[in-house]
Amino acid sequence: LSDMRMPELDGVSFYDILKDTNPAQARSLAFITGDTLSRRVSEFLATTDSPYIEKPFMPDDVRELVNRVMSRKNV
């Protein structure tokens, strides 16, 4: 799980680095965001088809997100 907004390295940059070094791991990445209104974030999430949840979220939301990631790994 990665937040989209982090100091020094944001979620998009983290994904890009991971995709270049280990594409299978990049497919296992999911995001937490409070910023789906920004064009960069919404386009990134749409083009990568990465699972995500928006803040604020509940524990069940995290469980569902992890289940979605695990389902992607089995495809």
Side-chain angles (χ1 to χ4, degrees):
L1 295 176
S2 174
D3 202 326
M4 289 301 297
R5 293 213 182 257
M6 300 177 287
E8 298 179 33
L9 183 70
D10 67 2
V12 175
S13 300
F14 177 58
Y15 176 87
D16 288 341
I17 291 168
L18 195 55
K19 184 178 72 172
D20 290 343
T21 59
N22 191 334
Q25 286 289 339
R27 185 155 172 79
S28 299
L29 194 57
F31 294 95
I32 297 167
T33 184
D35 189 25
T36 55
L37 296 179
S38 99
R39 184 176 181 156
R40 180 173 187 240
V41 170
S42 61
E43 286 178 358
F44 166 78
L45 292 170
T47 59
T48 62
D49 196 32
S50 295
Y52 68 94
I53 54 175
E54 295 181 63
K55 299 173 188 173
F57 53 84
M58 301 298 291
D60 283 343
D61 299 326
V62 177
R63 284 186 203 73
E64 182 181 321
L65 180 64
V66 170
N67 285 333
R68 287 187 358 227
V69 170
M70 297 306 292
S71 295
R72 288 168 59 100
K73 289 181 70 170
N74 295 326
V75 174

Peer 1: About how many Å separate OH of Tyr15 and CZ of Arg27, when rounded to the nearest 0.5 Å?
Peer 2: 8.5 Å
Peer 1: So which heavy atom on Gly11 is nearest to which on Ser2, and how close?
Peer 2: CA-OG, 4.2 Å
Peer 1: Rounded at 0.5 Å granularity, tell me how far CD in Glu43 sits from OG1 in Thr48.
Peer 2: 11.5 Å
Peer 1: Do the side chains of Arg5 and Asp10 get nearer than 4.5 Å, heavy atoms only?
Peer 2: no
Peer 1: So if you build clusters from Ile, Leu, Val, Met, Phe, Trp, Tyr with side-chain heavy-atom gaps below 4.5 Å, do Phe14 and Val41 land together?
Peer 2: yes
Peer 1: Would you name the heavy atoms of Lys55 and Ile32 that are closest together and state the gap between them?
Peer 2: CE-CG2, 3.6 Å
Peer 1: Decide yes or no for Ser50 and Leu29: does some side-chain heavy atom of the first lie under 4.5 Å from some side-chain heavy atom of the second?
Peer 2: no
Peer 1: Does Ile53 form a side chain to side chain contact (heavy atoms under 4.5 Å, CB included) with Glu64? I'd like the steps, not just the answer.
Peer 2: CA-CA 9 Å; Ile53 54 175; Glu64 182 181 321; over 6 Å; no
Peer 1: Closest approach of Leu65 and Phe31, non-hydrogen atoms and distance?
Peer 2: CD2-O, 4.0 Å
Peer 1: Sub-3.5 Å donor-acceptor pair from the side chain of Arg63 to the main-chain atoms of Pro59, do we have one?
Peer 2: yes
Peer 1: Taking Met58's backbone N and O only, do any of them form a donor-acceptor pair with Asp61's side chain (distance below 3.5 Å, no angle check)?
Peer 2: yes
Peer 1: Scan side-chain atoms only and decide if Asp16 and Ser13 contain a donor-acceptor pair under the 3.5 Å cut-off.
Peer 2: no
Peer 1: Hydrophobic cluster membership, with links at side-chain heavy-atom distances under 4.5 Å among I/L/V/M/F/W/Y: are Leu1 and Ile17 in one?
Peer 2: no
Peer 1: How close do Ser42 and Arg39 get, heavy atom to heavy atom, and via which atoms?
Peer 2: OG-O, 3.2 Å
Peer 1: I'd like to check Met4 versus Tyr52 (side-chain heavy atoms, cut-off strictly below 4.5 Å). Are they in contact?
Peer 2: no
